[in-house]
Asker: 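My structure is below; once you've seen it, I'll send some questions.
These values consider heavy atoms only, across backbone and side chains, with no hydrogens, waters or symmetry-generated copies. Everything numeric here is computed off the predicted structure, so don't read it as measured data.
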Amino acid sequence: MDFLKQIALPQSEAQIGVLHFVLNVIYLILLPFISYLFGALILSLYTNRRGRLNGQQHDLRFSEEVISHILPTKNIVVLFGAVPFMALVFAYAQLLQSSTAISVSILTWGALLFAAAAAFASSYQTSTKLNGILHGVTKSNEEIETYRAQMNEARRTSGKYALLFLSFAVYLLIAGTSLASQPEQWLSTSSIVQLLLSLDVWVKVIQFILLSLTIASLGTLYFTFSWQGGVKNIENGYADHVKKTALPVGLLSLLAQPLFVVLSVVLLPVSALSGLVFISAFLVIFFIFITSHFVYGMLKEFKTGFAANAFYTLILAIVFMVIQTTSSLSSSTQKHSAVVAHQYEMYHAELLAKMGIGMATMSGEEIFGAKCSACHEFGAKKVGPAYKEVLPKYENKREQLLSFVLNPQKINPAYPPMPNQGLKPAEADSITAYIMLMYKQAK
Ligand code: HEC
């Protein structure tokens, strides 16, 4: 997967700044979406199983709705998942170019597994829709019943595979990005297996699972009760069921999170720490606290306004999680970025030299030998006049000499016009410096 690093373009300091900004945007789309999807799949599969075992219709309905909130159509998973995931891989490939970090390969595998997860998630979504339609069929006979059972079976299978592939994809996403923030580990980490032992990665994995359960349960409350006025004509029985299922999961997963936020900061290498990392970690905990306040409020006395508030404050917490992640990345990769920016300067200078600007490719003496000596000598006239005759008027007027050499004008009627030698500005610069120097030395 190293080809990605090879196609990476050298980046200037300013471009690296832009890249960090782009990375923020990517994370802001990817993190809420992927965690919601993960949590929704867990809740959906869990309630589906519980519903089948107890014959609970509300559970089966919950199982379908929780997934249709996050995947209203099939394309969503491509738009909000696969595309930002690929963009993330490219952004990291740019940032980590010419480093020894294996992050980019890990992330690429993550993106491929995510594509598989996305395919299963869309078929899960489709069969969920079909199940919904089958519910509408009130007539019941043996044929419809068997069809229903088969559909449910197919649905669960795709759901399980979606969750399985998504778990691997998320693990690789976390392992790859966490390694990127630890330049100290770049040289010694040569395979993903070493990351299986990384405490830092596992703390982040648990933090992700908790977040996914929170966002999926608070999202379900939000979409059921608040978004666009909530689900119309919802029966009390089902409304209660949603509250009873989502609220405890939401609250418990929320309350466990601050511990992991603190741990994730503690486990960061010193090079990744900055004021911004601390401030954003503090704000994550602050907004988690406010969110749990609303969730607790809903447990005591349910208000639809609380469902919206809780969801929005959770999104704010996620925004600061993203800032925490990207700011620790930018401080830990500062040194590497300086190297990349330096390489860019070199690349840039080389490019300019190729165009004849900046670095000269030939010395003045060489140019003289190749392009001028056929017609000029210092002391005697040849096709053109002797330099010692014509150069005095250019003393302290290098600019004028330069402009003549780049663009010869007719001057002395005793000579034919001098043909343009097609020099690049840098070459003209060194040849004029050379002939002036020789002329002064001869004087
Ligand atoms: C094909 C022959 C030829 C070549 C090659 C040539 N020159 Fe000339 N050069 C001339 C002639 C002829 C003149 C006189 C032009 C005039 O007075 O109009 C001249 C004039 C000049 C002058 C005097 C201009 C002035 O103000 O009187 C300079 C300086 C000069 N050449 C520099 C160079 C340099 C540097 C090169 C090599 C990059 C070069 N020339 C290559 C033929 C040549």
Asker: Have S35 and S212 got a donor and an acceptor in their side chains that come within less than 3.5 Å?
Answerer: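 Side-chain D/A pair, S35 to S212: absent.
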
Asker: Please assess F114 against F165 for the test ring-ring contact (aromatic ring centres under 6.0 Å, His included), listing each intermediate value before the final yes or no.
Answerer: CA-CA 7 Å; F114 183 81; F165 281 102; over 10 Å; no

Asker: Is the distance between the ring centroids of F368 and F378 under 6.0 Å?
Answerer: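 Ring centroids of F368 and F378 are less than 6.0 Å from each other.
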
Asker: I'd like to know if D429 and R398 make a salt bridge, using a cut-off of under 4.0 Å between side-chain N and carboxylate O.
Answerer: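 A salt bridge is present here (some side-chain N lies under 4.0 Å from a carboxylate O).
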
Asker: Is V319 close to L283 at the side-chain level, that is, under 4.5 Å between some pair of heavy atoms?
Answerer: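 They are not in side-chain contact.
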
Asker: Quick check: are there more than 12 heavy atoms from other residues, nucleotides or ligands sitting under 6.0 Å from CZ of F260?
Answerer: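 Count over threshold, so yes.
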
Asker: Is F223 close to V231 at the side-chain level, that is, under 4.5 Å between some pair of heavy atoms?
Answerer: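 No, side chains not in contact.
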
Asker: Below 4.5 Å, heavy atoms only, C-beta onward: do I215 and F311 meet side chain to side chain?
Answerer: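 SC-SC contact between I215 and F311 confirmed.
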
Asker: Any side-chain heavy atom of S44 sitting closer than 4.5 Å to one from Y124?
Answerer: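 Yes - at least one pair of side-chain heavy atoms lies under 4.5 Å apart.
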
Asker: Kindly indicate whether the side chain of L23, heavy atoms from C-beta on, has any atom under 4.5 Å from the side chain of L95.
Answerer: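 A side-chain contact under 4.5 Å exists here.
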
Asker: Heavy-atom count around K382 NZ within 6.0 Å, excluding the residue itself: above 12?
Answerer: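 Yes, the 6.0 Å shell around NZ holds more than 12 heavy atoms from other groups.
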
Asker: Evaluate the side-chain proximity of P385 to N412: yes if any heavy-atom separation is below 4.5 Å, no if none is.
Answerer: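 Heavy-atom side-chain distance check fails, nothing below 4.5 Å.
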
Asker: Does K381 qualify as a cation-pi partner of Y387, given the criterion of NZ or CZ under 6.0 Å from the six-membered ring centre and within 45 degrees of its axis?
Answerer: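 That pair does not qualify as a cation-pi contact.
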
Asker: Any non-hydrogen side-chain atom of K303 less than 4.5 Å from a side-chain atom of M298?
Answerer: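 Not touching, per the 4.5 Å side-chain cut-off.
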
Asker: Return yes if a side-chain donor-acceptor contact under 3.5 Å exists between E64 and N48, otherwise no.
Answerer: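 No, N48 and E64 have no side-chain donor paired with an acceptor closer than 3.5 Å.
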
Asker: I want to know whether F225 and F302 have ring centres closer than 6.0 Å.
Answerer: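 Ring-ring flag for F225/F302: true, centres closer than 6.0 Å.
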
Asker: Determine whether L314 and F287 make a side-chain contact, defined as any pair of heavy atoms from C-beta on separated by less than 4.5 Å.
Answerer: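 In short, these two side chains do not touch, never coming nearer than 4.5 Å.
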
